[in-house]
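Have a look at the structure below, then the notes.
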Amino acid sequence: MSGKSASLKDEGSRLQVVAAGATAGLVARFVTAPLDVVKIRLQLQTHSLSDPLTHRDLHGGPIYKGTLQTMRHIAQHEGITGLWKGNIPAELLYVCYSAAQFTAYRQATLFLQRLAGGENRIPKSAETFIAGASAGAVATATTYPLDLLRTRFAAQGNDRVYTSLYRAVADIGRDEGVRGFYRGLSPALSQIIPFMGIFFASYETLRVPMGQLSLPFSSGDALAGVAASVVAKTGSFPLDLVRKRIQVQGPTRNKYIHKNIPEYSGMVGAVKTILQREGLRGLYRGLTVSLFKAAPTSAVTMWTYERSLKLYMKLGEKRLGDL
């Protein structure tokens, strides 16, 4: 680990660290938003690129072929702002999710330690897995309506289903009720529990050996975080895809950019339908861009965090000097 990273870890007040972390997350989310929109569009695409017979029921919907082509298609047909559709609920989601996740992770860790009687009888890997899974479940359930709104906004094309965030909340509440905001929660919880568990367990396993590496552009801790994210995303990705498909169910199902999304009868029914119609590859649509997003997200987060923390520390010192 570089000396700069080690010193920054111990600098700043709690408020300055929280503010820097929130700033870094918001900036990283904004910068990588186009990749998130591309991932959602690919996940919702049900037709096969190699089978023209599946193109008969597109109803004017696009045929996306890979990350770059999808990005170009969105920019050409929907404008450059189309790559940031759903960014407002996505930014709100990040702030609320992060706060809930790390608060729950700390509380779960303390509870497990008290449960062990302070003797640390629970293995470290098991403790991080349980705490990570619990934190992921709490954060997901708490912020799920924002996740659903992000998906629906990213899924709409030029024919807008919702004209604003307020209109979306009002329409979903009126037409689908409270349950409408929680469509796909089952696969979300089924996904996030193993994802966060695998992520924290992988990170704790890789952090020590990778933290000793001397890297020119990053720290070993950051590399361990990227590697853990790749492992966790790959293992839980099919459930993420199922969640996206179910989130756009309901009365507006055939009004999004892909107008041929099937009607699914729950999580298990969705998996069966996808396997029957699209094969195993259908459960991994958008995986490449999802994994590719991990590296720039981590890089932008670290870069912004370090500079934001220094800025907030300077502002704090200036305020003290003015007193």
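The residues of the chain are indexed from 1 along the displayed sequence.
- At a threshold of 4.5 Å between side-chain heavy atoms, the hydrophobic network of Ile, Leu, Val, Met, Phe, Trp and Tyr places Val31 and Val38 in two separate groups.
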TODO: I would like to know whether Arg307 and Trp303 meet side-chain contact (heavy atoms from CB on, under 4.5 Å); could you show each step before the answer?
DONE: CA-CA 7 Å; Arg307 283 150 184 81; Trp303 187 89; 3.0 Å; yes
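- Note that CD of Gln45 and CG of Leu241 are 11.0 Å apart. Values are rounded to the nearest 0.5 Å.
- Taking a 6.0 Å sphere around CG of Leu165, one finds it holds more than 12 heavy atoms contributed by other residues, nucleotides or ligands.
- No side-chain heavy atom of His47 sits under 4.5 Å from any side-chain heavy atom of Glu278.
- Transitive grouping of hydrophobic side chains (ILVMFWY, heavy atoms separated by less than 4.5 Å) brings Leu148 and Tyr264 into a common cluster.
- The CG atom of Asp171 sits 7.5 Å away from the OG1 atom of Thr163 when rounded to the nearest 0.5 Å.
- Across every non-hydrogen atom of Ala188 and Arg243, the tightest pair is CB-CD, 3.2 Å.
- Atoms CG and CG, from Leu287 and Leu42 in turn, are 11.0 Å apart once rounded to the nearest 0.5 Å.
- Between Lys255 and Asp159, no side-chain nitrogen of the basic residue sits less than 4.0 Å from a carboxylate oxygen of the acidic one, so the salt-bridge criterion is not met.
- Under the 4.5 Å side-chain contact rule for hydrophobic residues, Leu26 and Phe30 do not share a cluster.
- Open room surrounds CZ on Arg179; 12 or fewer heavy atoms of other groups in view lie less than 6.0 Å from it.
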TODO: Kindly determine whether Thr142 and Tyr97 satisfy side chain to side chain donor-acceptor pair (under 3.5 Å), including the steps that lead there.
DONE: CA-CA 8 Å; Thr142 303; Tyr97 186 96; over 6 Å; no
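- Tyr305 contributes atom OH, which lies 10.5 Å from atom OG1 of Thr23 (distance to the nearest 0.5 angstrom).
- In summary, Glu176 and Arg152 engage in a salt bridge, as defined by a charged side-chain N under 4.0 Å from a carboxylate O.
- In this structure, Trp84 contributes its side chain and Pro34 its backbone to no donor-acceptor pair below 3.5 Å.
- A pairwise comparison of heavy atoms in Arg183 and Ile246 identifies CB-O, 3.7 Å as the closest pair.
- Arg285 places no side-chain N or O within donor-acceptor distance of the main-chain N or O of Arg281, the cut-off being under 3.5 Å.
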Open item on the list: Under the criterion side-chain contact (heavy atoms from CB on, under 4.5 Å), I'd like the reasoning laid out for Phe181 against Val169: C-alpha separation, chi angles, the key distance, then a yes or no.
Closed with: CA-CA 9 Å; Phe181 291 102; Val169 173; 4.0 Å; yes
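- By the 4.5 Å heavy-atom criterion applied to side chains, Glu78 and Leu83 are not counted as neighbours.
- Side-chain atoms of Ile63 and Lys65, non-hydrogen and from C-beta on, do get closer than 4.5 Å to each other.
- Closest of all the heavy-atom pairs between Pro262 and Gln249 is O-NE2, 2.9 Å.
- Judged by distance alone, with hydrogens and angles left aside, the side-chain atoms of Thr143 form no donor-acceptor pair with the main-chain N or O of Leu146 at under 3.5 Å.
- Taking 4.5 Å as the limit, some side-chain heavy atom of Ile172 sits within range of a side-chain heavy atom of Leu149.
- Residues Val242 and Ala270 come closest through the heavy atom pair CG1-CB, 3.9 Å.
- Using cut-offs of 30° and 60° for the angle between ring planes, the Tyr182 and Tyr144 rings count as parallel.
- No side-chain heavy atom of Val27 sits less than 4.5 Å from a side-chain heavy atom of Arg29.
- Distance alone, capped at 3.5 Å, places no donor-acceptor pair between the Ser290 side chain and the Gly286 backbone.
- Looking at Thr252 and Tyr256, their side chains do bring a donor and an acceptor atom within 3.5 Å of each other.
- Looking only at distances, a side-chain donor or acceptor of Lys85 sits under 3.5 Å from a matching main-chain atom of Gln156.
- Thr140 places none of its side-chain heavy atoms less than 4.5 Å from the side chain of Gln191.
- Considering CE of Met267 and CG of Leu189, their distance stands at 9.5 Å, rounded to 0.5 Å.
- Atom CD1 of Ile261 and atom OG1 of Thr46 lie 7.0 Å apart (nearest 0.5 Å).
- Under the 4.0 Å criterion applied to side-chain N and carboxylate O atoms, Asp240 and Arg245 are not assigned as salt-bridge partners.
- Donor-acceptor pairing under 3.5 Å is lacking for the side chains of Tyr284 and Thr234.
- Under the 4.5 Å side-chain heavy-atom criterion for grouping Ile, Leu, Val, Met, Phe, Trp and Tyr, Leu68 is not connected to Ile40 through any hydrophobic cluster.
- Minimum heavy-atom separation, Gly282 to Ile274: C-CG2, 3.8 Å.
- In the displayed structure, Phe292 atom CZ is contacted under 6.0 Å by at most 12 heavy atoms of other residues, nucleotides or ligands.
- Annotation: side chain of Ile88 is not in contact with side chain of Arg150 (no heavy-atom distance under 4.5 Å).
- Taking hydrophobic clusters as Ile, Leu, Val, Met, Phe, Trp and Tyr residues chained together by side-chain heavy-atom distances below 4.5 Å, Val271 shares a cluster with Val248.
- Closest of all the heavy-atom pairs between Phe237 and Leu283 is CD2-O, 3.5 Å.
- Side chains of Tyr64 and Arg41: a donor-acceptor N/O pair is present below 3.5 angstrom, by distance only.
- Side-chain atoms of Asn158 come within 3.5 Å of backbone atoms of His77 as a donor-acceptor pair (strictly under, hydrogens ignored).
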Open item on the list: Please evaluate residues Glu263 and Thr273 with respect to the criterion side-chain contact (heavy atoms from CB on, under 4.5 Å), reporting the C-alpha separation (whole Å), side-chain torsions for both, the decisive distance (0.1 Å), and the verdict.
Closed with: CA-CA 9 Å; Glu263 186 173 359; Thr273 301; over 6 Å; no
TODO: Go through the steps for Leu35 and Lys39 under the test side-chain contact (heavy atoms from CB on, under 4.5 Å), then give the verdict.
DONE: CA-CA 6 Å; Leu35 296 176; Lys39 187 197 77 163; over 6 Å; no
